[in-house]
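See structure below.
Keep in mind that the numbers below use all heavy atoms, side chains included, and drop hydrogens, waters and symmetry copies. Counting convention: from 1, in listed order, for ligands and their atoms alike. Treat the numbers as computed from the prediction; the structure is a model and nothing was measured.
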Amino acid sequence: MSFQLRMNQSAKKTGSNIVLALDLPVDQPNRLLSRSIEILEATHPYICAVKINRQLVLPLGLFNGVQKILSSAQDLGLPTIMDCKINDVGHTNRIIAEYYYKAGFDALTANPFVGWEEGLQPVFEVANKMHRGVILLVYMSHKATNEGYGQKIHDPKTSQLKPQYVAFAEKALTWNADGVIVGATYPEKIREVHEILGDRVPIYSPGIGIQGGKVEPVVKAGARYLVVGRTITLAENPAENAKFIRDIVRRCTKE
Ligand code: XMP
């Protein structure tokens, strides 16, 4: 089954489009693993997938701690995403992707700045062979994102200038990506990217809550999945916050 289909089924089954960013701050390294699993188990009725970044892989190790989180997620029926933003030359990218997929991740994130040939092509080859997903960064959620993802580039086909993120959204279609990332702090960019992708490539949107993104404009602009971290993980009651966000999404998708 493709990653996109797995995500679809999980969202349908759980009635949620929240991808939990389980990236806890590392102020208590010895509690990191147990707290991550606690939060995952408490919030699982309200989320459709789990995302992890290097904040957990570095202190816990991929084949030790992180694999325990992956097997908890698998037991709960949740797909997992490694937010590694692959960004190197092809032969290195291939090995990085193989490690993450072998550890059990269903998808990983990659940076289209490195291009296709000897860049991300090997990553897509490994993903296709192992039936896993690749999600491309298109427009990030932080303040300086415009310096890179928003710069104007020359389109040789039209001889016009166009924004980098538009070119990346077009590459997501050409490369058959399984998703793109557009920051929740820029709903107008989500709308623009959604106009390019339609329903063919789903938009994952991080930046809700602490970074300033609001659920309603993001969902209405066309984001399919909301990637939410600290607003859930640092809450006194993570399950309550996850349910609260899920319910807002439900309300605004019914309107
Ligand atoms: P918070 O705590 O702000 O965490 O909800 C968001 C999570 O998402 C990641 N993040 C991003 N990942 N592109 C990405 O690929 C982005 O623009 C982006 N912004 C945030 C971040 O690593 C954290 O885990």
Side-chain angles (χ1 to χ4, degrees), residues 7 16-27 32 35-36 39-40 43 46-60 66 69 73 80-87 96-97 100 105-114 120 123 133-150 163-165 168-169 171-172 177-190 192-193 201-215 218-219 221 223-235 238 241-242 244-246 248-249:
M7 283 298 294
S16 171
N17 72 345
I18 299 174
V19 176
L20 176 67
L22 199 51
D23 305 315
L24 303 183
V26 199
D27 47 2
L32 203 52
R35 184 66 186 144
S36 300
I39 293 175
L40 177 57
T43 55
Y46 313 112
I47 62 174
C48 67
V50 186
K51 180 194 87 71
I52 285 171
N53 72 20
R54 276 167 290 202
Q55 254 170 260
L56 286 199
V57 176
L58 291 174
L60 297 180
V66 166
I69 300 175
T80 53
I81 300 167
M82 176 60 209
D83 190 3
C84 51
K85 301 178 173 68
I86 289 192
N87 197 30
I96 294 169
Y100 284 129
F105 281 102
D106 295 296
L108 50 77
T109 62
N111 198 337
F113 267 112
V114 293
L120 292 186
V123 175
V134 181
I135 301 173
L136 293 181
L137 289 176
V138 163
Y139 198 83
M140 291 185 71
S141 57
H142 64 299
K143 288 213 169 75
T145 187
N146 207 40
E147 290 177 22
Y149 296 89
Q164 185 70 77
Y165 62 88
F168 286 163
K171 282 187 199 298
D178 301 277
V180 298
I181 293 162
V182 184
T185 40
Y186 302 99
E188 74 288 356
K189 299 290 192 281
I190 297 176
E192 217 180 321
V193 170
V201 183
I203 297 174
Y204 290 72
S205 194
I208 296 286
I210 289 183
Q211 290 191 56
K214 304 255 181 304
V215 173
V218 165
V219 171
R224 178 98 56 93
Y225 301 105
L226 305 183
V227 180
V228 188
R230 291 163 297 173
T231 306
I232 294 174
T233 57
L234 300 185
N241 274 23
F244 181 75
I245 298 169
R246 183 207 61 179
I248 305 178
V249 177

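Remark: side-chain polar atoms of Thr185 are paired, donor with acceptor, to backbone N or O of Ser141 under 3.5 angstrom. Remark: side-chain polar atoms of Asp23 are not paired, donor with acceptor, to backbone N or O of Gln55 under 3.5 angstrom. Distance alone, capped at 3.5 Å, places no donor-acceptor pair between the Arg246 side chain and the Ile47 backbone.
The closest approach between any non-hydrogen atom of Ile210 and ligand 1 is not below 4.0 Å. In this structure, Lys51 has a heavy atom closer than 4.0 Å to ligand 1.
Of all protein heavy atoms, the one closest to atom 15 (O) of ligand 1 is Leu137 CD2, 3.0 Å. Atom 24 (O) of ligand 1 has as its closest protein heavy atom Asp23 OD2, 2.2 Å. Remark: minimum distance from atom 5 (O) of ligand 1 to any protein heavy atom is reached at Gly229 N, 2.8 Å. The nearest heavy-atom contact from the protein to atom 6 (C) of ligand 1 is Gln211 NE2, 3.9 Å. Counting protein heavy atoms only, atom 7 (C) of ligand 1 is closest to Ala21 CB, 3.7 Å. The shortest contact between atom 16 (C) of ligand 1 and any protein heavy atom is with Pro206 CG, 3.6 Å.
Counting the atoms of ligand 1 from 1 in the order shown, those under 4.0 Å from a heavy atom of Arg230 are 1 (P), 2 (O), 3 (O), 5 (O).
Within 6.0 Å of the CD atom in Glu188, the count of heavy atoms belonging to other residues, nucleotides or ligands exceeds 12.
The parts of Ser141 lying near ligand 1 are both backbone and side chain, judged by heavy-atom distances below 4.0 Å. When non-hydrogen atoms are compared, ligand 1 lies under 4.0 Å from neither the backbone nor the side chain of Thr109. Residue Asp83 touches ligand 1 through its side chain alone, judged by heavy-atom distances below 4.0 Å.
Annotation: the span from Leu136 atom CG to Ile181 atom CD1 amounts to 8.0 Å, rounded to 0.5 Å.
In summary, the aromatic rings of Tyr139 and Phe168 are positioned with their centroids too far apart to meet the 6.0 Å limit.
In this structure the side chain of Tyr204 reaches within 4.5 angstrom of the side chain of Met7, judged on heavy atoms. Put simply, the side chain of Val193 reaches to within 4.5 Å of the side chain of Ile203, judged on heavy atoms.
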Applying side-chain contact (heavy atoms from CB on, under 4.5 Å) to Tyr149 and Asn111, what does each step give before you reach the verdict?
CA-CA 10 Å; Tyr149 296 89; Asn111 198 337; 3.2 Å; yes

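When only interatomic distances are considered, the shortest N/O to N/O separation between Asn53 and ligand 1 falls below 3.5 Å. Between Lys85 and ligand 1, at least one pair of N/O atoms sits closer than 3.5 Å.
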